[in-house]
Each structure stands twice: as C-alpha cells, then as structure tokens.
Amino acid sequence: MRSVSTPFWKTGPIWRCHLRLSCQSWPPLLNPTMTASSAKQDALRSFAVESLPFNCQIGGGMRASQFFISTLKEAPAEAELISHKLMLRAGLIKRLGSGLYTWMPLGLRVLRKVENIVREEMNKSGAVELLMPAVQPAELWQESGRWDVFGPQMLKIKDRHQRDFCFGPTHEEVITDIARREIKSYRQLPLNLYQIQTKFRDEIRPRFGVMRGREFLMKDGYSFHISYADLEREYRNMYDTYCRIFTRLGLQFRAVAADTGAIGGTGSHEFHVLADSGEDAIAFCPASDYAANVELAEAVAPAGVGAGAMVAMEKKATPGKTKCEDVAAFLGLPLTQTVKAIAVMAEKEGGNEFVLLLLRGDHDLNEIKAQKVLGELRFARDDEIVDALGCKAGYIGAVGFSGRVVADRSVAVMSDCVCGANEEGYHLTGVNFGRDLPQPGTVADIRNVVEGDPSPDGRGALELCRGIEVGHIFQLRTKYAEALKCTFLDEQGKDQVMEMGCYGIGVSRIVGAAIEQGHDERGIIFPDTIAPFTVAVVPMNYAKSEAVRTAAAALHAELLAAGIDAILDDRDERPGSMFADWELIGIPHRVVVGERGLKEGKLEYKGRSDAEATMVTATEMTTFLKQKLCG
RNA sequence: CGGGGUGUGGCGCAGCCCGGUAGCGCGCUUGCUUUGGGAGCAAGAUGUCGAGAGUUCGAAUCCCUCCACCCCGACCA
C-alpha cells in the first residue's frame, strides 16, 4: 500500500538519481569534450546507435563494457531454489520487496525473447493482440460476483474519490465487457483476443523468485464462439499452439489433464515444464498421452485378483514394529503384502464417525480422494483410536472391528495379508477378507498413484515426475458470458450467450522454469532461443593486442550482420573472470579470440555444455555458428 | 494465517551468551606489476548494527513494541 499512497514526486532523490545515471550514459551527446580511451569511445558510439527506440531490446550489437553486467560470486541468502540463486548471481533480477523483482537489462532480454516467441506463435494461430488496463473498476467484478469471492489474493485499491479498484489478477471481466459491447452478430465470431501484461496477485507466500512472484508477466488469451463445437475447435488450436511455443522455447514439457479449479468451466489442460524442483507432481503414461496431476490421477486396482487364501491366520509378536516397512522386514514378507490402517474421524450429522481406511503398505493416502468418499475428515486422535480399538496406533487393523471400513481398490484384491492385531506388539499374518473379517463396507480409490501403476486408459504403466506449471488452458463455456450478459444475434436473429475459452501462459515464470531445467555447477545454460545473447565474443588481452581487437570487432560485426545476437566482451578482464561470467549468465555459445589462434588464422569455439573447445578457421566462424544455431 | 528462522558497508558472514575501540572474506576506488580459467602487492572509500521506546555512566550486545525478509504448510501462470 505504501507504494500506492506515496506520490512519485515524493521519491525525489531516487528520481533525480535516475536522471543523473541516465545522463552519464550519454556523454557523447552532453559532454563532447570528455576524454576516454578510443575503445571506450567506440563502445559509446555503438551504444548510442543501438539505443535508438526502433532498435530496442532485441537485436543490435552490444559491448559488455556498456552493458549493465553485475555478477555475484555468492548468492544472496534469500534464495533457496537453484534458478532463483542463479538469476540473482547472474544479475538477471533484483528484489525490491517480497515477490517484487526488477528485471535487470540482462534478464529483460530473456523475458522479451520469451515474450516475442509467445507473441509470434499466438499471432500465427490467428489470435489478435490487444492491451487492457492493469487497474480495473470494482463494478465489473461485482457484476461477475467475484469481487468478494476472489478474496485477499486480489489487491484492492481506492482512488482519490474513494472508489474501489483492483490491480487485475486476471482479465475475464474486462475482456467479456469488451466482447459484450463490441460483438453484436454471429458474423463477428469466432474471435480470439490476447494480451501480454503485468498481473498482480497478492500471493499468500511469494517464493522462488520470479516463479511465484506477486507481480508477474502473463500472456492471457480469451476466445469467443457461437457454439461449444467451435470452442472445442479453438481449444484444440490453442493446445497445439502451446505445444509449439514450449517446443520453440527449448523446454521439456508435458500437457496434463487438470482440474478446472476456481475459474470454473469444463475441459482444461495444464502445461508443465518438467523439473525436479517443480511444485506439482505429475503422473504420466509414456505409452499413451495420458498425464494428470498426481492428486487427480486415478489409481486403478492391480490387474487380476489375488491368489486367494493359502494360509491360516496367525498372530505374530512384532515388538516395537509399528511401521509397515519394519513389520514386513521383521517378518520377512514383501511390503506389498502388508495393509496399513489409518484411523480418521469423518464429519457426520450428530457427531463424528470413526472410520478405518485400509491401504497397501507401500501406498500413501490421498486425502482429497478420501474426502470425496467420506466428506470432511481429520486424522483420529490417539485417545479416539484407543477408545475404538482398544489399542494404540501402530498395531491397529480391521480384524474384529465392527465400524465402517473403507478399503483402497488395491487392498480389496489382496490375500494372505499382514495387518495389526489391535494388540500392542502383535500383528496378524494370513489375513483374508470374507474369511477372517467381513468384506470392506466400501471399496474406493483413496490413494496416490505410484510409479508402475496401470495407466487409467489401460495402455501401459504410469511414471511420475515433477513439473512447473507454465501454461493453463480452459474451456470456460458460458460462466462469464452469462454473468455479464455477453450475447450475440445468431442467424435466426435470436439472442445467444457466447461460449468462451481462456488461455494463460506465465511468461516471467518460464524464465525461472527454463533455468531450473538448464543449469550446471557453473551457472545457467539457456536454450539458444531465449539466451540474453546467443554468442559471446571473448577476446584475450583486448587492450594490448591490436590484432585481437581488430579480429574480435570484425567477427562481432559479421555475426550481427548475419543476424546472430552476439555480445563483444571488451572489458579487458582477465580470461578466467570473463569465462566465469558468461558461463554463469548462460550464454550458449562462446568464441575466444586470442593471438595464439590468430597466428594460424583460427578462433576457438566452445558450446556452453561442451567439454572441450574446437578450433575453427576465422573466416568460417560465422557459417559454423549459423549451423550450430539451426541444428 | 499457523509453525520455524534471519536482520551488522553492494554480497556472504563473525561479533551478541558475558554491555565499553564495529571486524573478516568477496566486491568497489587509486597506483604499480600481471594477462588463456574468478591475479599479486600497496594505499583507500563505504555502517543511523532493520525501526522505535526503555534499562544503564555507556547498548550491535540486555528488556519491550513494531517492521521487513526468508524457510515449511493451504492457493495459483
């Protein structure tokens, strides 16, 4: 709120400081008598040319001495995640407040490259770009009913007349308002509008740098249709477009069937960048296109039924063995033959009901699934367990228990299993449903899927991985169109509610996700398509060797002419520190220009992930690099 | 919001228990030497010790209040 209520002119000293800084960037214009080395003047000249507005962020050549590079040897203590640490160390971002980051020049180049790829592919798909206000009046949100529903995640602000506004966390309301005002006829449909814009969500806990910032850059698109069939067609078009975008970004990703969550509507897919640090667990089937969030993935019963009862039930002493793993090891039986009983209290009219949930020893409870069966529930307290079973947790089981039992599908097909004896220090072996205890009252899917489970589509086994959600597409259907009366006249001249889809991409999050996926002990490894610069030209002994200076400048110019985004490191740093910088920053290709190689007419090439450098004839370097960049 | 933790120069940290001169490494500035993997020597600059109130002759250190930030949980691009 402080930033909102403090007028910018009261931040005078900072403001003036910026002015002074920018003046210093322009000495050739303001102070022509300034003295500088010829190399530096050269650099300033090229900086001035490249700084013209029509040649803005991407493209154009750059010299390292004039670019704002600030790398750190040690990562600030605030960062935990590898991508966050590397972004801070490489100087791509600086933190202003919790979940608020400045994109430094180097980082902004990456962000803009991601943004441009998203924009190009969206344009190719037939979507049309527009830009909506970040600040939105409360009335629209009240009309859709979300002013109160959205909750504290929405930053609400007041203007000088005490009128309510919010800093847009999303734009369904605004776009639907545009559509209802501007679209009158079926002839104007379908239409897909998108924007790339800053959103603000007052996250409960911002973390991981730009991966979960409060202010972030998002591509959000919205489509309008005369029929559900046409929405489905466009949804498929966006699905394909998203696949092209993430492929071009050089990311390993997966489209995942998703819940529709708070935004509502039916059909929905999330796009996840695969990374071990991802916040979401994903189950997928390599043999088919099945993929789902682990919380949602259906755990089907193992194929076939168990072998049937082979042995008699026996009570075995298992002193001190309370975990399934320990019991199985102690008895010399496989973990998959044990059954764990989890005691919960399910909410019921007129008090709670004590329920035993049965899971195979190697499986974990999925509380969301269990709640779908039992309603609201919590774990039972120790005293409640003793009351119901006469025994403390660790040795409990369903044998002799007369209350409600919910068994997971995979437990229902087990035989000769091991479970607690409801007596401290004892377990039962050879337990069979229908013989030693009644069949469970309810059989349901109440566990998380595990690696190797059959895919719900029956086409192979599931594998697990973790992912970072970078995109999400929804079929909104008529949720917002109805609330905001967004209608059109059909061919019969009848009023119809529009079908809508919405399609989001977390542009700034992609930068973090790409780094999670591409890094090593030396730093970031950017894909060619989004690296801040594609090639670093690194001269050895730049200040003293005219041959090196000439060759480096010539190569730099040649690369730029060939359309390759190259930076010339004219800082005359020591070689080790230049190498370390470019490796930390993640520039994918490096060319070293040194007197040693020049004597034989050669330059040294090294890809960011290559173990060894390659000598390349100087005259062939540009061709060589072009091939590298295509392949 | 619940739980855990941290605030000391640009970054990483020590000092706090046991009150008395604010310190180290990196970075920065200047000079000389060095120049194919984060150089060496020398000289320097940079701190309202997160803020406020209190105890005390004296507070980075003890007490109180507040703030900021980070980490673990429920939300989401």
Side-chain angles (χ1 to χ4, degrees), chain A residues 2 70-81 84-85 88-89 91 94-100 114 118 150-154 168-171 196-221 242 246 258-263 268-273 278-280 293 295 367-368 467-474 502-513 522-523 538-545 548 571-584 590 592-598 603-604 606 613:
Chain A
R2 193 175 307 131
S70 58
T71 55
L72 294 170
K73 280 190 185 169
E74 288 170 293
E78 70 196 44
E80 192 72 11
L81 202 66
H84 189 192
K85 281 186 185 166
L88 290 168
R89 278 192 58 204
K94 300 281 174 189
R95 189 180 63 79
L96 179 63
S98 179
L100 303 172
V114 173
V118 171
F150 216 93
Q153 192 168 229
M154 185 157 71
T170 177
H171 280 70
I196 297 174
Q197 190 224 31
T198 298
K199 297 274 186 284
F200 190 95
R201 293 187 190 172
D202 200 354
E203 291 283 342
I204 300 162
R205 184 152 89 84
R207 58 184 139 173
F208 307 146
V210 299
M211 295 259 258
R212 183 174 297 285
R214 291 195 293 175
E215 189 178 300
F216 59 98
L217 191 65
M218 180 177 177
K219 189 284 295 180
D220 50 325
Y242 273 39
F246 296 120
D259 206 14
T260 50
I263 295 187
S268 167
H269 282 86
E270 292 171 356
F271 287 79
H272 285 263
V273 165
E279 289 186 272
D280 299 285
N293 245 301
E295 287 94 43
E367 290 179 51
I368 300 165
I468 300 161
E469 188 188 348
V470 291
H472 202 157
I473 57 177
F474 280 90
C502 87
Y503 318 96
I505 288 182
V507 177
S508 42
R509 177 179 284 185
I510 284 173
V511 178
R522 295 182 175 196
V538 185
M540 298 292 101
N541 216 344
Y542 187 76
K544 286 199 182 153
S545 167
V548 165
R571 294 177 298 172
D572 196 36
E573 287 286 327
R574 298 175 66 83
S577 107
M578 290 193 286
F579 296 159
D581 271 354
W582 298 121
E583 281 164 353
L584 174 61
R590 182 183 85 193
V592 173
V593 182
E595 279 189 314
R596 202 194 276 173
L598 284 179
L603 301 171
E604 177 191 297
K606 186 168 176 297

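Since this is a predicted model, take the numbers as computed values, not measurements. All heavy atoms count here, side chains included; hydrogens, waters and symmetry mates do not. Throughout, a chain's letter reflects where its sequence line sits, starting with A, and its residues are numbered from 1.
Per the geometry, CZ belonging to Arg207(A) stands 15 Å off P belonging to rA77(B), to the nearest Å. Here the C1' atom of nucleotide rG25(B) and the CG atom of Leu72(A) are 14 Å apart, to the nearest Å. Remark: P of rC69(B) and CG of Leu88(A) are 15 Å apart, rounded to the nearest angstrom. The separation between Met211(A) atom CE and rC70(B) atom P is 15 Å, rounded to whole Å. For Glu203(A) and rA77(B), the CD to C1' distance is 9 Å, given to the nearest whole Å. Atom CE of Met154(A) is separated from atom P of rC75(B) by 19 Å (rounded to the nearest Å). When rounded to the nearest whole Å, the span between CD of Glu80(A) and P of rG12(B) equals 14 Å. Leu81(A) places its CG atom 12 Å from the C1' atom of rC71(B), with the value rounded to the nearest Å.
With both ends at atom C1', the span from rG7(B) to rA51(B) equals 11 Å, rounded to whole Å. The gap from the P atom of rG52(B) to that of rC57(B) amounts to 22 Å, rounded to the nearest Å. Only the P atoms considered, rC62(B) is 25 Å distant from rG47(B), to the nearest whole Å. Comparing rC71(B) with rC66(B), their C1' atoms are spaced 22 Å from each other, to the whole Å. Spacing between rU21(B) and rC16(B) at atom P, rounded to whole Å, works out to 13 Å. Comparing rC64(B) with rU46(B), their C1' atoms sit 33 Å apart, to the nearest whole Å. Between rU55(B) and rG15(B), the two C1' atoms lie 22 Å apart (nearest whole Å). Spacing of P atoms, rG73(B) relative to rU56(B), comes out at 46 Å, to the nearest Å.
Counting any heavy atom pair closer than 4.0 Å across all strands shown, Arg522(A) reaches a base atom. Residue-level contact check: Lys219(A) touches neither bases nor backbone, having no heavy atom under 4.0 Å from any strand. Within the nucleic acid shown, Val507(A) has no heavy atom closer than 4.0 Å to any nucleic acid atom. Looking at heavy-atom distances under 4.0 Å, Gly209(A) makes no contact with the nucleic acid at all. Residue contacts for Gly471(A): at a heavy-atom cut-off of 4.0 Å it reaches the sugar-phosphate backbone alone, with no base atom in range. At a threshold of 4.0 angstrom between heavy atoms, the contacts of Arg95(A) are confined to the sugar-phosphate backbone, with no base atom among them. Backbone-only contact: Ala77(A) has heavy atoms under 4.0 Å from sugar-phosphate atoms and none from a base. Across all strands shown, Asp280(A) has heavy atoms under 4.0 Å from base atoms, whether or not it also approaches the sugar-phosphate. The residue Gln197(A) sits apart from the nucleic acid: no heavy atom pair falls under 4.0 Å. Counting non-hydrogen atoms under 4.0 angstrom, Ala543(A) reaches nothing in the nucleic acid.
Looking at which nucleotide of RNA chain B each of Gly597(A) and Gly504(A) is closest to, the 5′-most match is held by Gly597(A). Between Thr71(A) and Gly213(A), the one whose closest nucleotide on RNA chain B sits nearer the 5' end is Thr71(A).
Comparing atom distances between the Ser577(A) side chain and each of rG38(B), rG25(B), rA77(B) picks out rG38(B) as nearest. Closest approach to the Ile204(A) side chain among rG38(B), rA74(B), rG36(B) is made by rA74(B) (side chain taken as heavy atoms from C-beta onward). Listed nucleotides: rA77(B), rG37(B), rG73(B). Nearest to the side chain of Glu583(A): rG37(B). Distances were taken from every side-chain heavy atom of Asp581(A) (C-beta onward) to each of rA74(B), rG38(B), rC11(B); the shortest belongs to rG38(B).
In terms of polar N and O atoms assigned as donor or acceptor, the side chain of Glu74(A) comes within less than 3.5 Å of the base of rG25(B) in a complementary pairing.
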Under the side-chain contact (heavy atoms from CB on, under 4.5 Å) rule, what do Tyr503(A) and Lys219(A) come out as? Steps first, then yes or no, please.
CA-CA 8 Å; Tyr503(A) 318 96; Lys219(A) 189 284 295 180; 3.9 Å; yes
So Arg212(A) and Glu279(A), salt bridge (charged side-chain N to carboxylate O under 4.0 Å, His left out) or not? Walk me through it.
CA-CA 11 Å; Arg212(A) 183 174 297 285; Glu279(A) 289 186 272; 3.0 Å; yes
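In terms of the salt bridge (Lys or Arg N to Asp or Glu O under 4.0 Å) criterion, residue partners of Arg95(A) (sequence neighbours excluded) are, by chain and number, Glu78(A).
Across all strands shown, the partner of rG2(B) is rC72(B), judged by Watson-Crick or G-U wobble contacts whose two distances both fall under 3.5 Å. Of all nucleotides present, only rC28(B) satisfies the Watson-Crick or G-U wobble test against rG44(B), with each distance under 3.5 Å. In this structure rG20(B) sits in a base pair with rC57(B), meeting the Watson-Crick or G-U test at under 3.5 Å.
We find the CZ-CG distance between Phe579(A) and Leu584(A) to be 15.0 Å, quoted to the nearest 0.5 Å.
Residue Arg574(A) has no polar side-chain atom (N or O) positioned under 4.0 Å from OP1 or OP2 of rU35(B). Side-chain N/O atoms of Lys73(A) include none lying less than 4.0 angstrom from OP1 or OP2 on rC11(B). Between Arg201(A) and rC75(B), a side-chain N or O to OP1/OP2 separation shorter than 4.0 Å is absent. Side-chain nitrogen and oxygen atoms of Ser98(A) include at least one within less than 4.0 Å of the OP1 or OP2 phosphate oxygen of rC70(B). Regarding contacts with the backbone of rC71(B), every side-chain N or O of Arg212(A) stays at 4.0 angstrom or more from both OP1 and OP2.
Between Met211(A) and Gly512(A) the shortest heavy-atom distance is SD-C, 3.7 Å.
A salt bridge is defined here as a Lys NZ or Arg NE, NH1 or NH2 lying under 4.0 Å from an Asp or Glu carboxylate O, and Glu604(A) with Arg590(A) meets this definition. We find that Arg201(A) and Glu215(A) are not joined by a salt bridge, their nearest charged nitrogen and carboxylate oxygen being 4.0 Å or further apart. Remark: Glu595(A) does not engage Lys544(A) in a salt bridge, criterion side-chain N to carboxylate O under 4.0 Å.
Taking the six-membered ring for Trp, His472(A) and Phe474(A) have ring centres closer than 6.0 Å.
Stacking between Phe579(A) and rG36(B) is absent: the aromatic ring centre is not both under 5.5 angstrom from the base six-membered ring centre and within 30 degrees in plane angle.
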